[in-house]
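Keep in mind that what you see is a predicted model, and the values were worked out from it rather than measured. Naming convention: chains lettered A, B, ... in sequence-line order (proteins, then strands); numbering from 1 in each chain.
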Amino acid sequence: MGKKTTVTEENLVIVESPAKAKTIEKFLGKDFLVKSSYGHIRDLSKSDFGVDINNNYQPDYIISSDKKEVVKELKLLAKNAKMVWLASDEDREGEAIAWHLFETLELKEENTRRIVFHEITKDAIQKAIKNPRKIDINLVNAQQARRVLDRLVGFELSPVLWRKVKPSLSAGRVQSVAVRLIVDREREVFAFKPTSSYRVTAIFEVTDDKGRVKELKAELNKRFDTYEQTKAFVEKCSDAEFLVSQVEKKPVKKSPAAPFTTSTLQQEASRKLGFSVAQTMSIAQKLYEAGKITYMRTDSVNLSDLALNMASAQISEMMGPEYVNIRKYKTKAKGAQEAHEAIRPTYLDKDTVAGSAQEKRLYELIWKRTIASQMSDAQLEKTVIHIEAGNTGEKFLATGEIIKFDGFLKVYIESTDNEGEQEENESVLLPPIHEGEVLEMLNVEARQRWSQKPARYTEASLVRKLEELGIGRPSTYAPTISTIQNRGYVEKEDRDGTERHYKHLWLEKGKPVIESEKKEITGAERSKLFPTDIGMVVNDFLVKYFESIVSFDFTAKVEKEFDDVALGNVEWSKSIDEFYKPFHDTVEETLEQSEKSTGERILGVDPASGQQVSVRIGRFGPLAQIGVSSDEEGAEKPRFASLRKGQHLETITLEEALDLFKLPRTLGEFENKVVVIGIGRFGPYIRHDSKFVSLKKGVDDPFEIDLETAIERIKTKREEDLKKIIKEFTEEPDLQILNGRWGPFIKYQKKNFKIPKDKNAEELSLEECKALIEADTKASPKKKTAAKKAATVKKTTATKKATTTKKKTTAKKTK
DNA sequence: CAGTGAGCGAGCTTCCGCTTGACTT
């Protein structure tokens with residue numbers, strides 16, 4: 001749409017991102033028009049795999065529907081340009097984009113150049129223009145192999161799941177491994193048996209140089225396995241002498257972390273700011289588009305020389321030259337392609353930025369991390385004081401750290417995922433203590449401690465694991481995490497902890513030991529990824545029949561193969577053929593031979609009826625069942641009940657399953673209508689006269705509640721509802737003025753309408769209400785169509801994959 | 001929103017990686 005479209009330009013440069021195009025255009029001057037392809041412009045067609053299996057896996061590429069406009073414009077511009085510069089990223093995907101552009105725009109070799117740069121700086125770009133090359137067809141072929149392999153795996157495997165597990169499911173090289181990680185971890189947690197030991201700490205009294213009395217906390221250098229041993233030791237402490245036998249001092253240095261990549265940014269934003277992976281990416285995108293940070297999808301920890309100079313100047317100015325230590329970091333990530341710089345502020349002299357609160361916070365995080373990465377090591381002195389506990393043969397250790405030179409710690413401290421054990425990492429300043437001193441004991445405390453269960457994944461820690469395994473790319477981490485949640489394989493959830501008792505011993509100077517049992521809350525989870533039943537069943541199915549595909553090193557193996565293709569040592573279609581032939585055989589075999597997979601577990605026998613009790617995945621999710629289906633005439637049908645939230649096929653017990661059938665429960669009658677207790681999506685409820693009343697949380701037990709209490713709840717609900725009604729009209733019972741969460745509103749035929757703020761709700765007449773309804777429906781005709789669209793989406797798709805489906809429906813319409 | 005738990009079968013679902021917008025209570 002730009003005005004320049006019709007003008008003939010000397011040079012057309014095509015990059016992938018429009019924001020990048022804008023910046024580069026400034027560097028190149030008026031002879032260059034810089035445009036963007038918006039990523040890939042073509043993809044495999046969806047019919048017949050988009051790949052001709054019988055003809056060397058010949059790909060069938062079509063221009064993506066949302067790229068037709070872009071392609072049309074680029075084609076015209078390319079036709080009129082004297083030279084076309086393909087400046088997509090220097091990695092496998094970027095090379096392929098260049099090649100697709102070459103093919104699709106019908107470019108000619110003599111006036112096409114391929115150029116690459118890893119940083120968006122004037123120097124880098126001008127150097128690139130001076131050093132053009134040809135499209136590297138081997139690298140392109142490696143990308144084609146990658147693309148075709150992913151298509152074949154995804155489009156062969158998914159239909160197997162439709163037949164053997166449930167329709168609409170999906171499997172793929174990346175998502176299936178992500179799910180597997182989460183399922184495996186859940187089972188580790190389930191199998192985990194905590195063991196306990198006893199941790200002993202003591203507080204001593206110390207007088208410092210100025211005569212001030214201070215407390216010194218120390219921990220025993222061992223933990224006891226049994227309560228008896230612990231008690232015996234604590235008792236001995238009451239009259240023991242505590243002698244400082246050694247004061248150990250050693251220098252320690254700490255180094256800063258590398259600048260941010262996509263994955264480390266996602267992790268730190270999650271730990272420090274509590275952002276989800278998708279949130280981080282969308283905020284970063286905004287910062288990028290505003291020119292405030294460099295590109296946010298990168299696996300590189302490299303900073304440009306320009307950035308390093310800026311960092312050096314900035315640190316020197318803000319904190320002094322002794323804080324500068326310019327470093328080059330090397331990536332550790334498997335399969336990193338390093339087409340971009342690390343994520344950094346565009347201008348390092350800006351330590352903050354205008355924008356939303358979230359943008360500010362993320363920017364400041366990036367600024368700090370970038371600056372810290374170029375700062376000096378922190379110099380610490382670690383002190384360990386050894387305190388002999390009388391003649392018990394044990395000793396207490398007090399550790400402390402003093403910072404001699406703070407270095408990068410002045411700006412940034414990296415967080416870790418460790419939960420619970422933070423107190424041990426606390427750095428404390430120790431009072432001056434000398435060897436040979438005898439310390440006064442104030443108290444000794446011993447408490448039972450339990451070993452920690454394996455940590456469930458957060459979105460961010462899953463990304464880190466995937467990156468470690470070389471699975472997925474910076475541009476796909478966030479979408480992959482959405483996919484496995486949208487498919488219903490995984491849920492992000494909070495879980496309340498459970499109460500646990502622990503033993504406690506307390507000894508105060510000159511007093512007897514106090515023994516007690518205390519309570520703590522343990523195992524609470526916040527925003528953790530849990531597998532669903534369907535996720536587990538699908539995973540087990542894939543592991544059983546397609547172990548090689550969902551194995552953790554599958555991607556690494558095929559990447560090696562792609563590397564050979566990129567080097568020109570192997571023909572890509574041959575490499576695909578070697579994989580596909582046996583894979584396809586397994587698919588056929590599995591379709592023929594495997595049973596349908598429902599995750600069925602037989603729990604036992606129902607004592608009341610003598611029938612079998614089992615659980616499995618049903619049409620609408622996990623269910624429990626009493627009895628078995630039978631073809632025989634007049635055979636009794638089994639009874640069914642859905643599993644509740646938090647119950648799982650794998651862990652539910654016979655008793656819990658039988659409990660499910662106790663509801664709904666009829667209590668009796670009230671006002672000649674039955675009162676029924678049940679549990680629905682929103683918890684336990686009372687149903688009466690086709691109205692629903694929630695049970696009181698934490699007070700009412702759906703299995704125990706009696707008719708009297710239920711009636712009480714119904715009555716209070718009625719009173720509350722009355723308060724909601726502001727005005728009613730006898731001539732129009734469908735119309736009410738109600739008090740809602742956001743103030744008064746009009747309810748008409750089950751739809752809600754706004755009341756303007758300048759109107760008094762109580763004084764509205766029926767005519768005025770109808771006028772408001774009329775005005776509201778007219779004012780937003782879009783609302784209606786949007787709602788309709790949403791409804792059709794809901795019909796065609798079971799879960800909330802609204803975004804992808806919507807795109808498709810609109811795409812079809814515009815055709 | 002508070003249930004349902006199939007084969008009278010028509011046609012659809014699905015992958016991974018590049019990119020950005022246009023959606024909504």
Quick test of the criterion, 5.5 Å between centres and less than 30° between planes. Is [X] stacked on [N] or not?
X        : N      : value
A/Phe620 : B/dT4  : yes
A/Trp162 : B/dT13 : yes
A/Phe692 : B/dC1  : no

Can you check the A/Tyr489 OH to B/dC15 C1' distance for me, whole Å?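 Rounding to the nearest Å, OH of A/Tyr489 and C1' of B/dC15 are 12 Å apart.
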
How many whole angstroms separate atom CZ of A/Arg163 from atom P of B/dC12?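 My rounded result for the distance is 17 Å.
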
Base-pairing string, 5' to 3', of DNA chain B - Watson-Crick or wobble, under 3.5 Å, | interstrand: .........................

I'd like a table of donor-acceptor pairs (distance under 3.5 Å, sequence neighbours excluded) in which one partner is a side-chain atom from residues 554-562 of chain A, with atom names and distances.
from     : atom 1 : to       : atom 2 : distance (Å)
A/Thr555 : OG1    : A/Arg173 : NH1    : 3.2
A/Glu559 : OE1    : A/Arg92  : NH1    : 2.9
A/Glu559 : OE2    : A/Arg92  : NH2    : 3.1

Looking only at atom [atom1], what distance separates [N] and [M], rounded to whole Å?
N      : M      : atom1 : answer
B/dG21 : B/dG17 : P     : 23 Å
B/dC16 : B/dC12 : P     : 22 Å
B/dG7  : B/dG11 : C1'   : 15 Å

With a non-hydrogen cut-off below 4.0 angstrom, is [X] in contact with a base, only sugar-phosphate, or nothing?
X        : value
A/Arg146 : base
A/Gly621 : base
A/Tyr295 : sugar-phosphate
A/Gln625 : nothing
A/Ser642 : base
A/Tyr477 : nothing
A/Glu289 : sugar-phosphate
A/Pro18  : sugar-phosphate

Syn-anti status, with the boundary at 90° from 0, for the nucleotide B/dG9: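 Syn.
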
Between A/Arg487 and B/dC15, is there a contact of a side-chain N or O with OP1 or OP2 at under 4.0 Å?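 Yes, because at least one side-chain N or O of A/Arg487 sits under 4.0 Å from OP1 or OP2 of B/dC15.
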
On a plain distance test, is the side chain of [X] in donor-acceptor contact with the base of [N] below 3.5 Å?
X        : N      : result
A/Ser629 : B/dG5  : no
A/Ser168 : B/dT13 : yes
A/Arg147 : B/dC15 : yes
A/Arg473 : B/dC18 : no

Is the closest side-chain heavy-atom distance between A/Glu16 and A/Asp89 below 4.5 Å?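 Yes, side chains in contact.
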
Geometric class of the [Y]/[X] ring pair [parallel <30°, tilted 30-60°, perpendicular >60°]:
X        : Y        : value
A/Tyr295 : A/Tyr288 : perpendicular
A/Phe541 : A/Phe546 : tilted
A/Tyr61  : A/Trp99  : perpendicular

Is A/Asp48 atom CG crowded by more than 12 heavy atoms from other residues, nucleotides or ligands, each under 6.0 Å away?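 It does not: A/Asp48 CG has 12 such atoms or fewer within range.
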
